[in-house]
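Read through the structure below, which is laid out as structure tokens, and then see the notes.
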Amino acid sequence: MAESNSKAAQDLAEFMETTMQNLQSKFQAMSDQIVSRMDEMGTRIDDLEKNVADLMTQAGMEEPQTSK
């Protein structure tokens, strides 16, 4: 009986370890995807700001700004 309990405990520990590793992999993939999308959004916002500044300059609303 003790051997049966020991085997069950070992099986449960292995199952939990595998489950936790899978969760960690999924969270890492989600984190990487979020960071990638944030980088893409940052690039798009920078492009949008530049386009708006160019349009304002073309419309004569403001002087061209120099790069910072």
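Every heavy atom of this structure was used, including side-chain atoms; hydrogens, water molecules and symmetry mates were not.
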Open item on the list: What I want to check is whether the side chains of Asp32 and Gln28 have a donor and an acceptor closer together than 3.5 Å.
Closed with: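 Checked: Asp32/Gln28 side chains pair up, N/O donor to acceptor below 3.5 Å.
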
Using 0.5 Å steps for rounding, measure from the [atom1] atom of [X] to the [atom2] atom of [Y].
X     : Y     : atom1 : atom2 : value
Ile34 : Met41 : CD1   : CE    : 11.5 Å
Asn5  : Leu12 : CG    : CG    : 12.0 Å
Glu14 : Thr19 : CD    : OG1   : 11.5 Å
Asn22 : Glu17 : CG    : CD    : 11.0 Å

Task: In one Ile/Leu/Val/Met/Phe/Trp/Tyr side-chain cluster, 4.5 Å: Met56, Leu48 - done: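 Yes, Met56 connects to Leu48 through the hydrophobic network.
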
TODO: Evaluate the side-chain proximity of Val35 to Met38: yes if any heavy-atom separation is below 4.5 Å, no if none is.
DONE: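 No, side chains not in contact.
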
- [ ] Would you check, one step at a time, whether the test side chain to side chain contact (heavy atoms under 4.5 Å, CB included) holds for Gln58 with Leu55?
- [x] CA-CA 5 Å; Gln58 290 174 7; Leu55 288 171; 4.0 Å; yes

Open item on the list: Please determine whether salt bridge (Lys or Arg N to Asp or Glu O under 4.0 Å) holds for the pair Lys50 and Asp46, giving the CA-CA distance in whole Å, both sets of side-chain angles, and the decisive distance to 0.1 Å.
Closed with: CA-CA 6 Å; Lys50 182 185 178 306; Asp46 290 344; over 6 Å; no

